[in-house]
Amino acid sequence: MPTSPMPIDHTAIRAEFPLFEAHSSGRPLVFLDSAASTQQPSRVIDAVAEYQRHQHANIHRAVYQLSQGATRRYEEARATVARFINAAEPAECLFTSGTTGSINLVAAAWGRANLQPGDEIILSTLEHHSNIVPWQLAAEASGARIKVIPINDAGELDLAAYRRLLSPRTRLVAVNHVSNALGTINPVREIIAEAHAAGALALIDGAQWVAHGRTDVQALDADFYAFSGHKLYGPTGIGVLYGKRALLEAMPPYQGGGDMIERVSFTGTTYAGLPSRFEAGTPNISGVIGLGAAIDWLSERDFEQVSVYEQALLAYATERLAPIPGVEIKGRAARKSGVISFVVTDPPLASLDVGTQLDLRGISIRTGHHCCQPLMERLGVSSTARASLALYNSRDDVDRLADALAEILQQAGLRAAARAGRLQVDQADLAPRSQVFGSNSSAAPADGMNLNEVAGVEPAYPAAAADSPQAAADAIAEDFALLPDWPTRHDYLIELGERLPPMPPSLKTEANLVRGCQSTVYLAARRKPGSEAVIEFLADSDAAIVRGLIALLQRICSGQSAASILAFDVDGFFDRIGLDANLSLSRRNGLEAMVQRLKALARET
Ligand code: PMP
């Protein structure tokens, strides 16, 4: 390792990541989703490959040299982790599957031994689901209660409220070091000190911190500290739980199995000491090797410089995105990490559409609730678009994002204006609608009628677009065969979505809300009055791309017999028209949920 830290040379750093090399021709990839998972430098990939090729054997168990070499590398990586976070000793650093695995370990093992009815656990509004749900499970099992630290409108924890929540009943405070959804850097040293003063322990979810600033668990006086390898330029499926020795030693084992025992007999088993006691079974050896290599790689840099570089980039990104009309940045904490969450309000554009359209321009960002649904609820949104920064990002990436966003918004504005014009329906406007929904579609409003007014009268459920779902699907497949690539298919879907029959607000009820989608989807399905074996439905979404999918589904299923809907293979159809490859699983899940609802109704018929 060099004695003096390397300066942050963005171009040189980027050149170390094979992914960017692979996307360097044409328009280089702009990867702005490192808060979800960072890319890996060659050093990490090579270390894992070298291990797999030449050094692999199970660890801790055999006398032969190959196994001893693997064991040595595994334990060296533990020592590397301990130095990286300044743990008092390597045995306090347990390897887990990731932050989620680490928090579940504490919630289950420590929770089982320590939580009683009436005890309190303090979490915050900013938490990732993986620092909420394990505690809910522990609370359910023990009778403990969860209290939540609120935030202010900037996305900062309300520390005065935190102090009021602390009491002699508080057993543990679990908060993140950095919010993955907003980038807020929390004053964890202070939070830990206050927890200790109240006689409670503190667990810090460091998933979003460790790659961006120096971590010193002793200086923080953290009782537990959790993080993941894949947000630290390392592999997936590997993470760390740091715990103070005395606390870990007092905890019962989490999982039982090989390697975590001292002696097993049917009259009683005794357990191994740290760290083996909490690493039952064969661990993710190559993941550990990769994590060690990632930490070595990152440690060649000085965290002061990492921070200066990333903060300058964050300031630049904020400067470029904030003035774009219609963009509203969520999370304006005074201390922020390289995360910018935003929503598009004018014209209203679902995060899912923002993400999809940026992807069409070679820009990867994250959209959705970021596993922070309680936070989204507090912000009054169902999702945000989130750009997150790492050392391989540059001002060029930010410029590409800002320029693309401005262009997308401008186009969306033009579309919205065109749509508003189209609402004054004339005969010419009705033609494409009848093509989309079938010439006998009852969705087509009467001449001269404003679609907004249609919403006020009896909802117009679309009639069958073809003789059977299969016939409708065949016709759609023929149309799609003429569309050569994903961008043209995407545009076609948007067009279809724009011509969806309106769904009256009275049908947008909680009962008609479809869960499991990145966007908000409402679906109202019914048996056709007077023709009970026929199912018809109206649906709507805040995301244009999902409206396109709804249009396809409607054309296939609405107005068809229950039996034919049940017999139709929707998955196979989306595969057939080539959308499977481009629509993310979660988007498909929304579709899947709609299909499940339709089929459930069809089954009852
Ligand atoms: N906590 C935070 C703050 C996170 O950002 C994440 C990952 N998005 C997690 C926990 C969960 O990490 P993992 O999926 O690696 O277990």
Side-chain angles (χ1 to χ4, degrees), residues 31-40 44 81 94-108 123-137 148-149 151 155-157 173-186 188 191 202-213 215 222 224-242 254 283-284 287-288 290-291 294-295 330-331 333 335-341 364-376 383-390 518 585-586:
F31 186 77
L32 292 167
D33 193 21
S34 295
S37 207
T38 43
Q39 299 299 336
Q40 296 171 34
V44 171
V81 167
L94 313 177
F95 289 120
T96 66
S97 59
T99 308
T100 306
S102 299
I103 297 173
N104 273 280
L105 192 164
V106 181
L123 310 178
S124 93
T125 310
L126 290 176
E127 297 320 304
H128 188 281
H129 295 165
S130 62
N131 198 25
I132 298 175
V133 186
W135 300 113
Q136 290 177 323
L137 294 172
V148 183
I149 310 170
I151 55 169
E156 295 162 321
L157 294 182
V173 177
V175 293
N176 59 39
H177 201 151
V178 173
S179 154
N180 61 308
L182 300 183
T184 311
I185 301 176
N186 290 315
V188 286
I191 289 170
L203 175 144
I204 304 301
D205 167 356
Q208 297 293 342
W209 169 261
V210 285
H212 307 286
T215 309
F224 299 105
Y225 196 98
F227 61 95
S228 303
H230 69 102
K231 297 177 198 286
L232 185 58
Y233 306 99
T236 55
I238 186 68
V240 170
L241 173 67
Y242 160 82
Y254 173 43
N284 180 357
V288 168
L291 175 60
I295 292 175
K330 295 285 178 187
R335 286 192 73 218
K336 258 187 83 167
S337 173
V339 170
I340 298 197
S341 247
S364 310
I365 63 153
R366 183 64 148 224
T367 58
H369 52 59
H370 315 295
C371 297
C372 291
Q373 283 181 326
L375 174 60
M376 295 295 121
S383 69
T384 72
R386 180 191 72 186
S388 53
L389 307 168
Q518 268 204 44
L585 201 62
S586 48

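Both counts, for ligands and for their atoms, begin at 1 and track the order of listing.
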Problem - Partner set under salt bridge (charged side-chain N to carboxylate O under 4.0 Å, His left out) for K336, not counting sequence neighbours - result: none

Practice task
With sequence neighbours excluded, tell me which residues meet side chain to side chain contact (heavy atoms under 4.5 Å, CB included) with A181.
Solution key: S179, H370, C372, L375, M376

Could you list each N/O atom of ligand 1 together with any protein N/O atom closer than 3.5 Å, one pair per line with the distance?
residue, atom, partner, partner atom, Å
ligand 1, 1 (N), D205, OD1, 3.3
ligand 1, 1 (N), D205, OD2, 2.5
ligand 1, 5 (O), Q208, NE2, 2.7
ligand 1, 8 (N), H128, NE2, 3.3
ligand 1, 8 (N), K231, NZ, 2.7
ligand 1, 15 (O), S228, OG, 2.7
ligand 1, 15 (O), H230, NE2, 2.7
ligand 1, 16 (O), T99, N, 3.4
ligand 1, 16 (O), T100, N, 2.8
ligand 1, 16 (O), T100, OG1, 2.5

Exercise for the section: Mind checking the CD1-CD1 spacing from I191 to I149? Nearest 0.5 Å is all I need. Expected result: 5.5 Å

Fill in the blank from the handout: To the nearest 0.5 Å, atom CD1 of I132 lies from atom CD1 of I103 at 10.0 Å

Practice task
Would you please name every residue forming a side chain to side chain donor-acceptor pair (under 3.5 Å) with S37, sequence neighbours left out?
Solution key: H230

Exercise for the section: For atom CZ of R386, decide whether the heavy atoms of other residues, nucleotides or ligands shown that lie under 6.0 angstrom number more than 12. Expected result: yes

